[in-house]
Amino acid sequence: MTKNTSELLEFFNSSTKKSIKWKKYFPIYEKLFKSYKNKNITFVEIGILDGGSLEIWKKYFGKDSRIIGIDNNPECKKFQNENYEIFIGSQSDIYFWEKFFNEVGKVDIVLDDGGHSYSQQIITTENLVPYINDGGLIVVEDTHASYLKEFKNPSYFSFINFCNKIVENIHRRCASINKKINLYSKKVHSVSFYESIVVLNIDSEKCFESSMLANKDT
């Protein structure tokens, strides 16, 4: 592998099953996911098409990783094998998420490459936040949908506007603001924005109320 070649991109190109990703996503993935490689993590991808991406993630994260795919197409169940599990259900169904986490427990990374409507992305994020382990990530792809007419955007209700509300809730932790904090304030340490990707960095231990420090007495 050459210095400028993405390992994930090589796995993508050599996969035996179909997968579709924007080229710019691969260096972002490498940056986000490299510290999780060869660790005992649970990685979930929503929207699996022909199962090609699950094959890629298993190769990338290694034998100790638990790889789970979610899709609303029952036909996708046929892709389940010894390397990854498949759950069938709608990401817009809060009861699906309740059942899913009751069975699976907390997870480390969720990559949302499912439906791109704001209701799907928002409902999914709301149901994921409580069940991501500290140090984990929620990665939402194709957030350019927040600017496309086919998804009824731009809109006040777009996913990007929803994420801006999360940023506001992060700032509520500051004692100077003195506003009531909520689940996002308590769980989301930071939000990262890339072209067409939003990342919620989950770490409740880092979401404490800060205090002012002075290095010298006045």
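The structure displayed is predicted, hence computed values, not measured ones. Computation of the quantities below employed the complete heavy-atom set of this structure, encompassing side-chain atoms and omitting hydrogens, waters and symmetry-equivalent molecules.
Heavy-atom contacts from other residues, nucleotides or ligands closer than 6.0 Å to OH of Tyr131 number 12 or fewer. More than 12 non-hydrogen atoms from other residues, nucleotides or ligands lie less than 6.0 angstrom from NZ of Lys37. Heavy-atom neighbours of Lys77 NZ from other residues, nucleotides or ligands within 6.0 Å: above the threshold of 12. Other residues, nucleotides and ligands contribute at most 12 non-hydrogen atoms within 6.0 Å of the CD atom of Glu205. Atom CZ of Phe193 has more than 12 heavy atoms from other residues, nucleotides or ligands within 6.0 Å.
Without hydrogens or angle criteria, Asn38 side chain to Gly62 main chain gives no donor-acceptor distance under 3.5 Å. Between the Ser65 side chain and the Ile41 main chain, no donor and acceptor come within less than 3.5 Å of each other. Between the side chain of Asn201 and the backbone N or O of Leu137, no donor-acceptor pair lies under 3.5 Å. Not one N or O on the side chain of Asp112 forms a donor-acceptor pair closer than 3.5 Å with the backbone of Ile46. Between the Asn133 side chain and the Gly136 main chain, no donor and acceptor come within less than 3.5 Å of each other. Looking only at distances, no side-chain donor or acceptor of Lys63 sits under 3.5 Å from a matching main-chain atom of Lys59. The backbone N or O of Asp113 sits nowhere less than 3.5 Å from a side-chain atom of Glu45 that would complete a donor-acceptor pair. Side-chain atoms of Ser158 never come within 3.5 Å of backbone atoms of Pro154 as a donor-acceptor pair (strictly under, hydrogens ignored). Distance alone, capped at 3.5 Å, is enough to place a donor-acceptor pair between the Asn102 side chain and the Glu98 backbone. Side chain of Ser146 to backbone of Ile160: a donor-acceptor contact under 3.5 angstrom is found.
Salt-bridge check for Lys179 with Glu209: failed, with every basic side-chain N at 4.0 Å or more from each acidic carboxylate O. For Lys34 and Glu7, the salt-bridge test fails: no basic side-chain N is under 4.0 Å from an acidic carboxylate O.
Residues Trp22 and His144 have side chains in contact (heavy-atom distance under 4.5 Å, counting atoms from C-beta outward). Inter-residue side-chain proximity for Ile88 and Asn73 is flagged as unmet; no heavy-atom pair is nearer than 4.5 Å. Under the 4.5 Å side-chain criterion, counting only non-hydrogen atoms from C-beta, Leu32 is in contact with Val139. Side-chain contact between Glu126 and Tyr184 is present, with heavy atoms from C-beta onward closer than 4.5 Å. At least one side-chain heavy atom of Phe26 sits under 4.5 Å from a side-chain heavy atom of Lys21. For the pair Ile170/Val188, a side-chain contact is recorded, criterion being any heavy-atom separation below 4.5 Å from C-beta on.
Rounding to the nearest 0.5 Å gives a distance of 10.0 Å between CZ of Phe208 and CG of Asp203. Rounded to the nearest 0.5 angstrom, Phe12 CZ and Tyr60 OH are separated by 15.5 Å. The line from CD1 of Ile109 to CD1 of Ile67 is 8.5 Å long, rounded to the nearest 0.5 Å. The CD1 atom of Ile138 lies 10.0 Å from the CG atom of Asn127; values are rounded to the nearest 0.5 Å. For the atom pair CG of Asn169 and OG of Ser185, the computed distance is 4.5 Å after rounding to the nearest 0.5 Å. Taken from CG in Leu9 to CD1 in Ile56, the straight-line distance is 9.0 Å, to the nearest 0.5 Å.
If you chain together hydrophobic residues whose side chains sit under 4.5 Å apart, Ile122 and Ile94 never meet in one group. If you chain together hydrophobic residues whose side chains sit under 4.5 Å apart, Ile202 and Ile28 never meet in one group. By the rule that hydrophobic residues join a cluster once side-chain heavy atoms approach within less than 4.5 Å of another member, Val199 and Phe162 end up as members of separate clusters. Leu111 and Phe87 end up in different hydrophobic clusters when Ile, Leu, Val, Met, Phe, Trp and Tyr side chains are linked at under 4.5 Å. Hydrophobic cluster membership is shared by Leu183 and Val191, with clusters built from Ile, Leu, Val, Met, Phe, Trp and Tyr side chains linked at under 4.5 angstrom.
Across Glu195 and Tyr25, no two heavy atoms sit closer than the pair O-CE1, 4.1 Å. Of all non-hydrogen atoms in Glu30 and Ser6, the two that sit nearest each other are OE2-OG, 2.8 Å. Pairing each heavy atom of Lys152 with each of Tyr118, the nearest pair is O-CE2, 4.2 Å. Closest of all the heavy-atom pairs between Asp71 and Cys76 is CG-SG, 3.7 Å. Taking both residues in full, the closest heavy atoms of His116 and Ala145 are given as O-CB, 3.5 Å, listed atom of the first, atom of the second, then distance. Taking each heavy atom of His189 and Arg173 in turn, the nearest pair found is O-NH2, 3.1 Å.
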Mind running side-chain contact (heavy atoms from CB on, under 4.5 Å) on Asn153 and Leu148 for me, showing each step along the way?
CA-CA 5 Å; Asn153 287 311; Leu148 297 179; 5.7 Å; no
Go through the steps to decide whether Lys187 and Ser204 satisfy the test side-chain contact (heavy atoms from CB on, under 4.5 Å), and finish with yes or no.
CA-CA 4 Å; Lys187 291 281 291 183; Ser204 59; 4.2 Å; yes
Let me see the working for Phe159 and Val140 under side-chain contact (heavy atoms from CB on, under 4.5 Å), right down to the final yes or no.
CA-CA 10 Å; Phe159 182 71; Val140 183; 3.6 Å; yes
If you apply the rule side-chain contact (heavy atoms from CB on, under 4.5 Å), what do you find for Leu200 with Ile166, and how did you get there?
CA-CA 9 Å; Leu200 273 60; Ile166 295 178; 3.9 Å; yes
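Using modelled atom types, one finds a donor on one side chain and an acceptor on the other under 3.5 Å when comparing Ser117 with Gln120. Of the N and O atoms on the side chains of Ser196 and Asp142, not one donor lies less than 3.5 Å from an acceptor on the other residue.
The aromatic rings of Phe43 and Phe33 sit perpendicular, their planes meeting at an angle over 60°, well past the 30° parallel limit. Using the six-membered ring where Trp is involved, Trp97 and Phe100 have ring planes that are perpendicular, over 60° apart on the 30 and 60° scheme.
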